[in-house]
Undergrad: 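Pasting a structure here, questions to come.
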Amino acid sequence: MRILTKEIVMLEGEAVELMGWVAGRRDHGKLVFIDLRDRGGVVQVVFLPSAKEAYPEAQKLRAEWVVRVRGTVAKRPENMRNSAIVTGDFEIQASDLLVLNQAETPPFPLDTDGHDIDEETRLKYRYLDLRRSRLQKNLKLRHQVIHFMRNFLSDRSFVEVETPVLGKSTPEGARDYLVPSRVYPGKFYALPQSPQQYKQLLMVAGLERYFQIARCFRDEDSRGDRQPEFTQLDLEMSFVVQEDVLSLTEELLIKLVGAVAPEKHITAIPFPRMSWKEAMEKHKTDKPDLRKDKNDPNELSFMWIIDFPLFEKDKEGKMTAAHHPFSRPNPEDEHMLDTDPYAVRSWCYDIVLNQYELGSGSIRINNSEMQKKIFRMLGLSDKKIDADFGHMLQAFEFGAPPHGGIAPGIDRLIMILSNEPNIRETIAFPKTGDGRDPMMDAPSVVDPSQLKELGIVLAKKTKDR
Ligand code: ASP
């Protein structure tokens, strides 16, 4: 029966069977050594000429061949021990070798951290790139983080609900990805920029505590740590005030760090809170970095920015929602909505970590009159409000509870926990910085018959590209 390489440390003198990849081969005089890699780690295997059948086979092995090895676990001679690997005090003295599959020479080395290799090539052969231990570690950490979040929230009566990917445009401030409808020519679904409307509608539906490991899609121009699709821990709660959302999120993050990244230390608990105004005045940014030692890779400085303004001006000077149009004006400032709207604060908050915005959230409007007023202030005509958000306004007429939530970004959290320079290192199959997948060759042209079926005719300029 197959065991993992890391398990051999308890099995000195025993006969074992291992399966995995050849991470490297060295011939030393009469001996052939291979490093055998599996999901648990690496172990050294030695083939002696006395292993009549296995020995000549072992001489043919190349990097990344897939093999089954049978042999005996032996202690290495004192001066041959390797403390850099878990199995370093031992080796397998092979008696039998079976090649399960051969492999081409990989286009790049897999036994380094890979940071120096051209990213385009790494992404083209991502299935090989992911074999390196750094990326295996990142994916495992990602799994642990999500697993922890699921358990933490489930233990507190949150229900995980999947919301549609084919939906309708949600105003989160970015461009939508559109999906043409074949059945309704000329009509389009939009991929969700976040499940914002659905999670609020789940509160109207009486769920009270919702979460989702949610994929969000935003068609933005490329930026270092942005991806066209990314993952949030999306959550929403009913009958809460801002303090409830903040303290739940804070407890989750503190316990999460303790469980999955105990080597990290948090600069200050409880997380410091700063109003947006104070952050801008004192630090000239709404993402201040409060780390005590910026060279310390294990320091995590979480903080809350609160009291954001409800509105801000966009590049053209037009009034826009600072977070999104569903955030609730602070009742203390509501009287200024008509007279001094830019002075109105909202019940909106950001969680900031080491100068990154980790996530945003807010207490929401749950009253259709107020929601309509905000849409109008943002310059939407009644016709547009009705067409785009009629369902929300209607839902708020049916007993919408007070509610609010938050959505911390998971990719960014893993990036910081694993000390990676960008979120692509934390995603199994990311896009390049300019939005391509070099492995699948996406985006790609499609068959003209598919376009015809959708009733789509490409403009000449796009066709020629
Ligand atoms: N949907 C918001 C976002 O993606 C988060 C929230 O308000 O809960 O930023």
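Predicted model only: the values in this text are computed from it and were never measured. Both counts, for ligands and for their atoms, begin at 1 and track the order of listing.
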Undergrad: Decide yes or no on salt bridge (charged side-chain N to carboxylate O under 4.0 Å, His left out) for Asp386 and Lys383, but give the supporting numbers first.
TA: CA-CA 5 Å; Asp386 193 47; Lys383 205 165 147 222; over 6 Å; no

Undergrad: Taking all atoms of both residues into account, what is the closest heavy-atom pair of Met149 and Leu256, and its distance?
TA: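 That would be CE-CD2, 4.5 Å.
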
Undergrad: Give the atom numbers and elements of ligand 1 that come within less than 4.0 Å of a heavy atom of Ala407.
TA: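 Per the distance check, 5 (C), 8 (O).
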
Undergrad: Output yes when a side-chain donor or acceptor of Asn354 lies under 3.5 Å from a complementary backbone atom of Glu299, and no otherwise.
TA: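 Yes; at least one donor-acceptor contact below 3.5 Å.
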
Undergrad: Where do Lys373 and Leu337 come nearest, in terms of heavy atoms and distance?
TA: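 Here Lys373 and Leu337 meet closest at CE-CD1, 3.9 Å.
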
Undergrad: For a side chain to side chain contact (heavy atoms under 4.5 Å, CB included) check, start with the C-alpha distance between Leu36 and Asp38, then their side-chain angles and the critical distance, and finish with the verdict.
TA: CA-CA 7 Å; Leu36 182 71; Asp38 62 15; over 6 Å; no

Undergrad: Given 3.5 Å as the limit, does a donor-acceptor pair link the side chain of His403 with the main chain of Pro401, or not?
TA: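 Present.
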
Undergrad: Going by the order shown, which atoms of ligand 1 are within less than 4.0 Å of some heavy atom of Ile406?
TA: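 Near Ile406, meaning under 4.0 Å from one of its heavy atoms, ligand 1 has 8 (O).
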
Undergrad: Measure Arg364 to ligand 1 on non-hydrogen atoms and call it side chain, backbone, both or neither using the 4.0 Å cut-off.
TA: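 Arg364 to ligand 1: side-chain contact only, backbone stays beyond 4.0 Å.
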
Undergrad: Side-chain atoms of residues 274-281: list all donor-acceptor pairs with protein atoms under 3.5 Å, sequence neighbours left out, distances to 0.1 Å.
TA:
residue: Ser275; atom: OG; partner: Glu278; partner atom: N; Å: 3.1
residue: Glu278; atom: OE2; partner: Lys282; partner atom: NZ; Å: 2.8

Undergrad: For ligand 1, which atoms sit closer than 4.0 Å to a heavy atom of Ser194?
TA: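 This gives 1 (N), 4 (O) as the contact atoms.
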
Undergrad: Under 4.0 Å from any heavy atom of Arg218, which atoms of ligand 1 are there?
TA: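 Within the 4.0 Å cut-off of Arg218, ligand 1 contributes 3 (C), 4 (O).
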
Undergrad: Which ligand 1 atoms does Gln232 reach within 4.0 Å, using its non-hydrogen atoms?
TA: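 Reading through ligand 1 atom by atom, the close ones are 3 (C), 4 (O).
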
Undergrad: Under 4.0 Å from ligand 1, counting heavy atoms only, is it the side chain of Gln193, its backbone, both or neither?
TA: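 Neither; nothing of Gln193 gets under 4.0 Å from ligand 1.
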
Undergrad: Atoms of ligand 1 less than 4.0 Å from Lys199 heavy atoms?
TA: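 Listed by number with element, the hits are 6 (C), 8 (O).
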
Undergrad: What do you reckon, does Asp234 have a nitrogen or oxygen under 3.5 Å from a nitrogen or oxygen of ligand 1?
TA: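 No, no N or O pair falls under 3.5 Å.
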
